[in-house]
*Asks:* 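Okay, here's the structure, questions in a sec.
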There are 2 protein chains.
Amino acid sequence: MKHKTRSSCPICFSLELFGDKWSLLILRDIILFDKKHYHEFMDSSEGISTNILADRLQKLECAGLIKKKQNEENQKKFIYAPTDEALDLLPLLIEMTLWGVKHNPEIDASQAPPEFIKKMIKDRKRFIKNIRIKFK
Amino acid sequence: MKHKTRSSCPICFSLELFGDKWSLLILRDIILFDKKHYHEFMDSSEGISTNILADRLQKLECAGLIKKKQNEENQKKFIYAPTDEALDLLPLLIEMTLWGVKHNPEIDASQAPPEFIKKMIKDRKRFIKNIRIKFK
DNA sequence: CTGTATCCTTAGGGATACTG
DNA sequence: CAGTATCCCTAAGGATACAG
């Protein structure tokens with residue numbers, strides 16, 4: 001199942017892999033929020049429905065962005081983890097986060113940003129490195 | 001016309017403004033490819049249709065990401081330009097470009113990347129600065 | 001717990017004709 | 001040239017029931 005490419009533009013190529021309504025949020029959950037299990041993605045506040053989640057997990061796996069492994073102890077449990085290609089999206093996720101923080105008028109500038117955002121601002125390289133280490 | 005927000009996540013917020021099939025490509029055209037006119041967007045190789053383009057231009061304007069001005073000489077000509085908020089997307093566009101270049105298997109690694117990609121790799125800060133100057 | 005399988009609705013988008 | 005206005009269609013997504 002190859003994806004059709006609208007053009008040779010790298011931005012367009014990227015968008016075709018994770019430029020839909022849900023894929024990047026799942027990647028965010030896996031990479032930034034440490035989520036590993038199906039029910040954890042279901043629990044995200046955006047409220048994805050189960051059929052869509054199953055579909056996106058499969059597509060992301062096909063695209064080589066996530067790996068699915070069985071839990072050793074519990075055969076019924078599956079663990080989702082990011083591939084190296086997905087971890088390469090960290091700078092993109094960071095930029096998108098920073099842009100959102102800066103330009104969302106609903107966010108009260110006086111209120112302190114979440115801890116992980118402070119960390120990614122303070123020392124981005126370290127932030128990325130720590131996450132990479134976690135998934136080694 | 002306010003946009004509904006699925007969550008308080010900044011990534012989600014960003015995606016709701018330009019996370020569809022076309023918006024970011026239009027922003028790419030305006031910011032990176034120097035396009036200004038309706039017909040130039042129409043000419044992009046992805047082949048957007050005219051009704052969709054009109055719709056996206058309007059939504060991007062509502063979202064405060066582009067400005068529409070009349071051409072002085074020709075009343076019928078309109079010029080589209082990025083706002084400062086849109087120019088703040090430059091790092092994101094760059095990261096997405098780099099990710100796409102790195103992970104698109106169709107791109108022959110032996111073939112040299114386009115000139116503007118070389119520039120954004122070689123000196124990103126300068127690349128961003130030059131574009132910002134252009135739109136001053 | 002981790003999904004399938006259905007059913008149904010809607011938004012998004014393509015094609016095309018037309019307009020000042 | 002820079003769009004509107006329609007029409008139509010499909011893919012995407014929501015709700016829900018159910019299964020191993």
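Numbers restart at 1 for each chain; the letters A, B, ... are given by sequence-line order, proteins then strands.
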*Asks:* May I ask you to verify if any side-chain N or O of Tyr80(B) is less than 4.0 angstrom from the OP1 or OP2 atom of dG3(D)?
*Replies:* yes

*Asks:* What's the CD1-C1' distance between Ile79(B) and dA2(D), to the nearest Å?
*Replies:* 13 Å

*Asks:* With 3.5 Å as the limit, what N/O pairs link the protein to nucleotides 8-15 of chain D?
*Replies:*
unit_1, atom_1, unit_2, atom_2, d
dG13(D), OP2, Arg56(A), NH1, 2.6
dG13(D), OP2, Arg56(A), NH2, 2.5
dG14(D), OP1, Lys21(A), NZ, 3.2
dG14(D), O6, Asn51(A), ND2, 3.1
dA15(D), N6, Asn51(A), ND2, 2.7

*Asks:* In whole Å, what is the span from the CD atom of Gln58(A) to the P atom of dA5(C)?
*Replies:* 11 Å

*Asks:* Write down the distance between NZ (Lys77(B)) and P (dC1(D)), rounded to a whole number of angstrom.
*Replies:* 8 Å

*Asks:* Using a cut-off of strictly less than 4.0 Å, decide whether Tyr38(A) has a side-chain nitrogen or oxygen near OP1 or OP2 of dT4(C).
*Replies:* no

*Asks:* For the NZ atom on Lys119(A), are there more than 12 heavy atoms of other groups (residues, nucleotides or ligands in this structure) within a distance under 6.0 Å?
*Replies:* no

*Asks:* Could you state the atom-to-atom distance from CD of Gln70(A) to P of dC1(C) in whole Å?
*Replies:* 17 Å

*Asks:* Can Glu61(A) and Arg56(A) be said to form a salt bridge (Lys or Arg N to Asp or Glu O under 4.0 Å), step by step?
*Replies:* CA-CA 8 Å; Glu61(A) 197 183 1; Arg56(A) 287 313 122 89; over 6 Å; no

*Asks:* Looking at Trp99(B) and Glu85(A), would you say the former's side chain and the latter's main chain have a donor-acceptor pair under 3.5 Å?
*Replies:* yes

*Asks:* Remember a base hit wins even if backbone is also touched, and classify Phe78(A) as base, sugar-phosphate or nothing at under 4.0 Å, heavy atoms.
*Replies:* sugar-phosphate

*Asks:* For Phe41(B), report the nucleic acid contact type (base, sugar-phosphate, nothing); a contact means any heavy atom under 4.0 Å.
*Replies:* nothing

*Asks:* Between Asp43(A) (CG) and dG3(C) (P), how many Å, whole number?
*Replies:* 14 Å

*Asks:* When you look at NZ of Lys69(A), are more than 12 heavy atoms from neighbouring residues, nucleotides or ligands closer to it than 6.0 Å?
*Replies:* no

*Asks:* State yes or no: are the ring centers of Phe33(B) and Phe116(B) separated by less than 6.0 Å?
*Replies:* yes

*Asks:* Rounding to an integer number of Å, can you tell me how far Lys36(A) NZ sits from dG3(C) P?
*Replies:* 16 Å

*Asks:* Would you mind reading off the distance between Met42(B) atom CE and dG13(C) atom P, rounded to a whole angstrom?
*Replies:* 15 Å

*Asks:* Between Lys36(B) (side chain only) and Asp34(B) (backbone N and O only), is there a donor and an acceptor less than 3.5 Å apart?
*Replies:* yes

*Asks:* Indicate yes or no for a side-chain donor-acceptor contact from Gln58(A) to the backbone of Asp55(A) under 3.5 Å, with no hydrogens or angles considered.
*Replies:* no

*Asks:* To the nearest Å, how far apart are Leu57(B) CG and dA2(D) C1'?
*Replies:* 10 Å

